[in-house]
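See below for the structure under consideration.
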Amino acid sequence: MGHVRTHRWPCDWRCDPEVRADAVPGSFPGPGSLLIIVLAVQLLWFFGLHGTNVLGAVIDGTYLTALTMNDSLFQAGKPMEYIWTRASFDSYVWMGGAGCSLALVIAVLVFSKRADSRAVCKMSAPMAVFNINEPVVFGMPIVLNPIYFIPWLLVPAVLTIVAYLVTAAGWVPYAHVVVPWVVPPVLYAFLATGGSLAAGLLALVNLVIAVAIWSVFVIVANRYDQGVEADEAEDTGLSDFDLD
C-alpha cells in the first residue's frame with residue numbers, strides 16, 4: 001500500500017496547542033478584516049436579515065476556532081495567541097445584540113421624546129439585557145431607518161477598534177472561555193476572559209461610549225420629528241386658511 005497523506009483540520013488546532021494557526025493556509029484575519037465582518041453584520045441587519053446568523057459560518061469558523069485554541073493554550077499553561085475570538089464580539093461589541101442594542105435602548109429611554117419609541121424600548125429592555133435585540137430592531141424600527149443608519153454602523157466599528165487596541169496592548173486578557181450568549185453584558189466579558197475585572201471594566205466603558213454615540217442621534221431624531229410636526233402644523237393652518 002502507498003503512503004496515505006493526512007490533513008490537519010481545525011479540530012487539530014483546538015486540540016493540540018503545539019499547532020500554530022500561522023502554519024495553516026488561510027490564517028486568521030487581522031483587524032481590517034475584523035472590521036469588515038462587523039460592518040457586514042450590521043448592514044445585513046439594517047436590511048432586515050439576521051447578520052450574525054447569515055455570516056455565522058465565517059464568524060464561528062474563524063473566531064470560534066481562535067477561542068478554542070486560546071483555551072487549549074491556556075490550559076497547557078502557555079501564552080494565548082489570538083487577540084480576537086468569538087467571545088470578543090459579544091463581550092465588547094454586540095452588547096444587547098448587534099449594534100450594541102442595549103446602548104440604543106438606554107439612549108432612547110433617557111433622551112427620546114417620541115412616545116412610540118420609548119414604549120418599544122421599555123418593552124425591549126428586559127430582552128436587550130439578555131442580548132435579544134429583535135424587538136428593538138424591528139420595533140423602532142432600525143431596519144431601513146435613515147436617521148439611525150450611521151450610528152448602526154459607527155457604534156460597533158468604534159467599539160471593535162477600542163476593544164481590539166486595549167486587548168492588543170495587554171490591558172485585558174484574551175477571551176478564551178465559551179459563555180452562553182444570553183449572559184448579560186459586562187458579566188459576559190468577565191466570564192469570557194476567565195474572571196478578569198479589567199475585561200468587565202472595558203465592556204462597561206464600551207457600553208458608555210455606545211450610549212453617548214447613540215444619544216447624539218436620538219436627539220437628532222427628536223429635532224427631525226419636531227421639524228416634521230411643525231411643517232405638518234403649518235400645512236394644516238394653510239389648508240384651513242384656504243377653506244375660509
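Note: hydrogens, waters and symmetry copies are ignored here, and every other heavy atom, side chains too, is used.
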### Query
Is the side chain of T68 donor-acceptor paired with the backbone N or O of L64 at a distance under 3.5 Å, no angle test?
yes
### Query
Shortest non-hydrogen contact from G139 to V120?
O-CG2, 3.7 Å
### Query
Could you give all pairs that pass the side-chain hydrogen bond (donor to acceptor under 3.5 Å, both in side chains) test and reach residues 132-149, with sequence neighbours left out?
S101-N133
#### Entry: Closest heavy-atom pair and its distance - V177, A87
O-CB, 4.0 Å
### Task
Calculate, to the nearest 0.5 Å, the distance between atoms CG and CZ belonging to L109 and R118 respectively.
6.0 Å
### Query
Between A157 and V38, which heavy-atom pair has the shortest distance, and what is it?
N-CG1, 4.5 Å
### Query
With a 4.5 Å limit on heavy-atom distance, are the side chains of I142 and L104 in contact?
yes
#### Entry: Main-chain N/O of M80 paired to N70 side chain as donor or acceptor, under 3.5 Å
no
### Message
Determine whether a donor-acceptor pair (N or O, by modelled atom type, separation under 3.5 Å) exists between the side chain of T193 and the backbone of F190.
### Response
yes
### Summary
Heavy-atom nearest pair, P180 first then Y188, reads O-CE1, 3.4 Å
Tabulate below the donor-acceptor pairs under 3.5 Å that side-chain atoms of residues 194-219 make, not counting sequence neighbours, or state none.
| unit_1 | atom_1 | unit_2 | atom_2 | d |
| --- | --- | --- | --- | --- |
| S196 | OG | A198 | N | 3.3 |
| S196 | OG | A199 | N | 3.1 |
| N206 | ND2 | Y92 | O | 3.0 |
| N206 | ND2 | L159 | O | 3.3 |
| W214 | NE1 | G99 | O | 3.1 |
| S215 | OG | V211 | O | 2.6 |

### Query
Under 4.5 Å between any side-chain heavy atoms of S88 and T85, yes or no?
yes
### Query
With side chains defined as the heavy atoms from C-beta onward, is the minimum distance between L73 and P79 less than 4.5 Å?
no
### Query
Should V41 and F138 be counted in the same cluster of Ile, Leu, Val, Met, Phe, Trp and Tyr side chains packed under 4.5 Å apart?
yes
### Query
Same cluster for M95 and L165 if Ile/Leu/Val/Met/Phe/Trp/Tyr side chains link at under 4.5 Å?
no
### Task
Look up atom OG in S72 and atom CE in M69, then write down how far apart they are to the nearest 0.5 Å.
6.5 Å
## Note on the structure
Quick note, side-chain hydrogen bond (donor to acceptor under 3.5 Å, both in side chains) partners involving residues 150-175, not counting sequence neighbours, are none
### Message
Grouping I, L, V, M, F, W and Y whenever their side-chain heavy atoms are under 4.5 Å apart, do I36 and W45 come out in a common cluster?
### Response
no
### Summary
Rounded to the nearest 0.5 Å, the CD1 atom of I132 sits from the CG atom of L102 at a distance of 12.5 Å
### Query
When the ring planes of F89 and W94 are compared, do they come out parallel, tilted or perpendicular, using 30° and 60° as the limits?
parallel
### Message
Just verifying a value: how many Å separate L49 CG and L55 CG, rounded to the nearest 0.5 Å?
### Response
10.0 Å
### Query
Considering only heavy atoms from C-beta outward, does the side chain of L144 approach that of F46 to under 4.5 Å?
yes
### Query
Are V58 and I37 close enough, and set up right, to give a side chain to side chain contact (heavy atoms under 4.5 Å, CB included), and what steps lead you there?
CA-CA 9 Å; V58 175; I37 290 173; 4.2 Å; yes
### Message
Test of understanding: clusters of I, L, V, M, F, W, Y form through side-chain heavy atoms closer than 4.5 Å, transitively. Do M140 and I150 belong to the same one?
### Response
yes
### Query
Are L35 and Y82 joined in one hydrophobic group, where the rule is that I, L, V, M, F, W and Y side chains link up if heavy atoms are under 4.5 Å apart?
no
### Query
Quick one: CG on L43 to CG on L153, what's the gap to the nearest 0.5 Å?
5.0 Å
